[in-house]
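Presented below is the structure to which this report refers.
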Amino acid sequence: MSRLLISFPGNELMTDKIGAALKIERAAITIRNFPDGESYVRVLTDVNGKEIIVVAALDRPDTKFLALVFLLRLLRDSGAKKITLVSPYLAYMRQDKQFQPGEAVTSTYFAAFLSACIDELITIDPHLHRRSSMAEIYAVPCHALHAAPLISEWIRASVPLPVLIGPDSESEQWVSIVAKNANAPYLVLEKQRYGDRSVSVSFPDVAPFRSHTPVLVDDIISTARTMIAAVKHLREANMRRPFA
Ligand code: R5P
């Protein structure tokens, strides 16, 4: 089965890198908004009988999702044999339970919408916290790639005497692996979240790491309050300037 890549708008650079590595051409599409805000979607290359790999990072998902679904449906209707979505940043992974009565568990709903339109999903380090695998939410085969080996390699090559810091218990799953492969020690802080833009993190015990360079590792910076709270403590403790 021959393959074609499609770049969802904004993903051209990454799509072309994938295309160059795999020697796959990019199909032409048009996605734009009508003056009233509705989406216009057109595929200009013949996709009939082909595997189509759509590259779409899903940060700020609400502004992208409907156009993406229109594109995926159109591909199916145009005869695409297999539709693979490559979404390095996969949205709606964090609301994975009802924290308060009446809340929507949006990770389940989002996964159901997406699973209905694709045959396979490839992502990087999905935020699995209370769920142990993507198969618990997605109905299609998912492949989770990991950035940890590359981050470890970069730390080994670039940071003298590193100490890795995870700003909350959820980050331990990444920070522990990155630290192990970078041959570095790590600390995990305790985080309290009071609201979207209000967090506090515990003061790290940095006494054994005075001469180390802190490297903060987390899976997402959204408002950056988590990172800022952790960095503040490192400065107060007179640690070296950290990497994130
Ligand atoms: C928590 O679930 C994540 O791993 C991040 O720590 C968090 O989402 C960061 O959010 P913010 O940048 O808004 O503090």
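As the structure is a computational prediction, the values presented were derived from the model and not from experiment. Counting convention: from 1, in listed order, for ligands and their atoms alike. Positions are given from 1 along the sequence.
Here H129 has no heavy atoms under 4.0 Å from ligand 1, in either its backbone or its side chain. Residue contacts with ligand 1, taken as heavy atom pairs separated by less than 4.0 Å, involve A224 solely via the backbone atoms N, CA, C and O. Residue-level proximity to ligand 1 for R197 is absent, since no heavy atom of it falls below 4.0 angstrom. With a 4.0 Å cut-off on non-hydrogen atoms, V199 does not touch ligand 1 at all. Under 4.0 angstrom from ligand 1, the non-hydrogen atoms of I220 come from both its backbone and its side chain.
Of all the atoms in ligand 1, the ones that sit under 4.0 Å from a non-hydrogen atom of I221 are 12 (O). Applying the 4.0 Å criterion to heavy atoms of D168 picks out, from ligand 1, the atoms 1 (C), 6 (O). Close contacts between ligand 1 and K191 involve ligand atoms 1 (C), 5 (C), 6 (O), 7 (C) [criterion: under 4.0 Å to a heavy atom].
Across Q95 and V105, no two heavy atoms sit closer than the pair O-CG1, 3.6 Å. Here the closest heavy-atom approach between residue I118 and residue R76 is recorded as C-NH2, 3.8 Å. Contact between M1 and G49 at its shortest, heavy atoms only, is CG-O, 3.5 Å. S169 and V188 make their closest contact through CA-CG1, 3.8 Å (heavy atoms, listed as atom of the first residue, atom of the second, distance).
Contact annotation: R193 has at least one heavy atom less than 4.0 Å from an atom of ligand 1. The closest approach between a heavy atom of D219 and any atom of ligand 1 is below 4.0 Å. Residue contact check for ligand 1: M227 places no non-hydrogen atom closer than 4.0 Å to it.
Of the polar atoms of W174, none of the N or O atoms is found under 3.5 Å from an N or O of ligand 1, judged by distance alone. Remark: ligand 1 and D196 share no N or O pair separated by less than 3.5 Å (distance only, no angle test).
The nearest heavy-atom contact from the protein to atom 13 (O) of ligand 1 is T223 OG1, 2.6 Å. Nearest non-hydrogen protein atom to atom 2 (O) of ligand 1 is E170 OE1, 2.8 Å. Of the protein's non-hydrogen atoms, D218 OD2, 3.2 Å is the one closest to atom 5 (C) of ligand 1. For atom 8 (O) of ligand 1, the closest non-hydrogen atom on the protein side is R94 NH1, 2.4 Å. Annotation: atom 14 (O) of ligand 1 to nearest protein heavy atom, T226 OG1, 2.5 Å.
Sorted by first then second residue, the side chain to side chain donor-acceptor pair (under 3.5 Å) pairs that include residues 31-49, not counting sequence neighbours, number zero.
Follow the hydrophobic side-chain contacts under 4.5 Å out from I155 and you never reach L187; the two are in separate clusters. Under the 4.5 Å side-chain heavy-atom criterion for grouping Ile, Leu, Val, Met, Phe, Trp and Tyr, V231 is connected to I221 within one hydrophobic cluster.
Two residues are said to be in side-chain contact when any heavy atoms from C-beta on lie closer than 4.5 Å; V41 and I29 fail this criterion.
Every residue two or more places apart in sequence or in another chain that forms a salt bridge (charged side-chain N to carboxylate O under 4.0 Å, His left out) with K191 is listed here: D168.
Taking the ring centroids of Y92 and Y109, they lie at or beyond the 6.0 Å cut-off. If you look at Y186 and W174, their ring centroids are not closer than 6.0 Å.
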